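What follows is a single structure, written as structure tokens, with notes after it.
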Amino acid sequence: MPTPPRIIPMPGVKNFRDMGGYKVADGRTMRWDKLYRSGHWAEFTGTPETGAPAYGITTVIDFRSDVEKKRHPVGWPDGWAPAYHATPIGGNAAAWVQDLYERLSTSPFPAKELRDQFILAFETIPVANADGLKRFFDIILEGKPDDRVLFHCTAGKDRTGIAGALLMRALGASEPDITADFLMTNDAVDLPATSAMIAERLSEKAGRAIAPDDVHPLVGVEPAFLDAAYASIERATGSVDAYLEDTLGLTPMRQARLRDLFLEG
């Protein structure tokens, strides 16, 4: 049987992915069709035929702020009514990016400053928003064995990326697989093409050429982002494993339940 794709085209939704298929430390495998991650769903145009995987999702965890949800409202088409959990997590650098757009016509494009802001966001999210991440795991653990879970933010790369990495770590996935899943955003959004499109749009606004490479942090991710999150966690709690257990409440018993829910084999 062919391996299912992890990146799944979904009408009106960016960065929609099935997290199944990864082997973990105890020899089991992350189940397919159980855990999904993505960007927001406000522009979803699928039907049961064109967006079939979505209609099987029973639980949605939304990391966006109220401001983001006002801009892109939550709504589900007829025939799909998942249990919805608003679980706001800050740190997506949105205010800074908005300020960037307003400065473009009078200042050079601040490529290093942009990247530094995303590094700072990754350092901040797991510590300043530990309550939201704990709630993320609580919701999953309170679910039923047949639940299919989607978690998302606006772009599905920063807050969702951190949550996905921590979830994979709790399930026993290897660091190379965790990093590979994190970086899959760049393929899902077609980083070169999307960066070129955004750079062209910003160049018109700025009245000067802006290089596509300079806007990568707006579109994609890099290993240094996840490294920044881990380093921040280690400074705050000593280790990622201690953070999972002591800060997010993933005791050995709760990690065992998590693995029973989402691993097979």
Side-chain angles (χ1 to χ4, degrees), residues 6 16-38 40-41 53-65 74 76 80-91 125-153 156 158-175 177-178 181-182 226 229-230 232-233 236-265:
R6 288 201 175 95
F16 180 62
R17 310 196 332 240
D18 189 325
M19 297 180 68
Y22 293 108
K23 294 281 187 182
V24 304
D26 68 4
R28 289 185 285 177
T29 303
M30 290 177 62
R31 296 178 187 271
W32 292 101
D33 197 25
K34 288 288 288 182
L35 286 169
Y36 295 94
R37 50 173 291 182
S38 72
H40 73 78
W41 287 71
Y55 284 79
I57 291 168
T58 60
T59 302
V60 174
I61 302 168
D62 186 347
F63 295 137
R64 297 178 301 154
S65 67
V74 176
W76 316 114
W80 182 27
Y84 174 78
H85 302 270
T87 311
I89 292 177
I125 288 168
V127 176
N129 296 278
D131 287 348
L133 287 164
K134 181 180 185 300
R135 180 61 185 147
F136 163 65
F137 281 102
D138 288 346
I139 292 165
I140 291 174
L141 285 164
E142 290 163 5
K144 299 184 294 293
D146 59 350
D147 280 351
R148 297 174 180 175
V149 179
L150 163 71
F151 57 100
H152 75 91
C153 53
D158 302 326
R159 292 162 288 181
T160 297
I162 289 172
L166 293 172
L167 176 56
M168 290 183 70
R169 178 69 172 255
L171 289 170
S174 69
E175 283 305 320
D177 281 346
I178 293 170
D181 189 81
F182 179 73
L226 194 54
Y230 286 155
S232 178
I233 288 170
T237 64
S239 71
V240 176
D241 289 339
Y243 171 81
L244 289 174
E245 183 169 350
D246 300 334
T247 304
L248 302 189
L250 293 174
T251 62
M253 184 178 296
R254 284 165 68 82
Q255 288 195 41
R257 170 164 169 75
L258 192 72
R259 292 172 183 178
D260 286 344
L261 285 171
F262 296 109
L263 301 181
E264 65 182 357

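Remember, it's a predicted structure, so these values are computed and weren't measured experimentally.
Considering CE of Met30 and CD of Glu264, their distance stands at 11.0 Å, rounded to 0.5 Å. Between the OH atom of Tyr84 and the CD1 atom of Ile61 there is a distance of 11.0 Å, given to the nearest 0.5 Å. Atom CG in Leu258 sits 4.5 Å away from atom CG in Leu171 (nearest 0.5 Å). Rounded to the nearest 0.5 Å, atoms CZ (Phe262) and CZ (Arg31) are 9.5 Å apart.
With respect to the salt-bridge test (charged N to carboxylate O, under 4.0 angstrom), the residues Arg6 and Asp181 do not qualify. Of the charged side-chain nitrogens involved, none lies within less than 4.0 Å of a carboxylate oxygen, so that Asp131 and Lys134 do not count as a salt-bridged pair.
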Side chain to side chain contact (heavy atoms under 4.5 Å, CB included) for Asn129 and Arg135? Distances and angles first, verdict last. CA-CA 10 Å; Asn129 296 278; Arg135 180 61 185 147; over 6 Å; no
Chi angles and distances behind the side chain to side chain contact (heavy atoms under 4.5 Å, CB included) call for Ile178, Leu226: CA-CA 10 Å; Ile178 293 170; Leu226 194 54; 4.2 Å; yes
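Under the 30°/60° scheme for interplanar angles, the aromatic rings of Phe16 and Trp41 are found to stand perpendicular.
Between Phe182 and Arg37, the shortest heavy-atom contact is CA-NH1, 4.3 Å. When all heavy atoms of Thr160 and Ser38 are compared, the closest pair comes out as OG1-O, 3.9 Å. When all heavy atoms of His152 and His40 are compared, the closest pair comes out as ND1-CA, 3.6 Å. Across Val127 and Ser232, no two heavy atoms sit closer than the pair CG2-OG, 3.3 Å. Between Leu133 and Ala163, the closest heavy-atom pair is CD2-CB, 4.0 Å.
For Asp241, the CG atom counts as densely surrounded, since its 6.0 Å shell holds more than 12 non-hydrogen atoms of other residues, nucleotides or ligands.
Thr58 contributes a side-chain N or O that, together with a main-chain N or O of Arg148, makes up a donor-acceptor pair within less than 3.5 Å.
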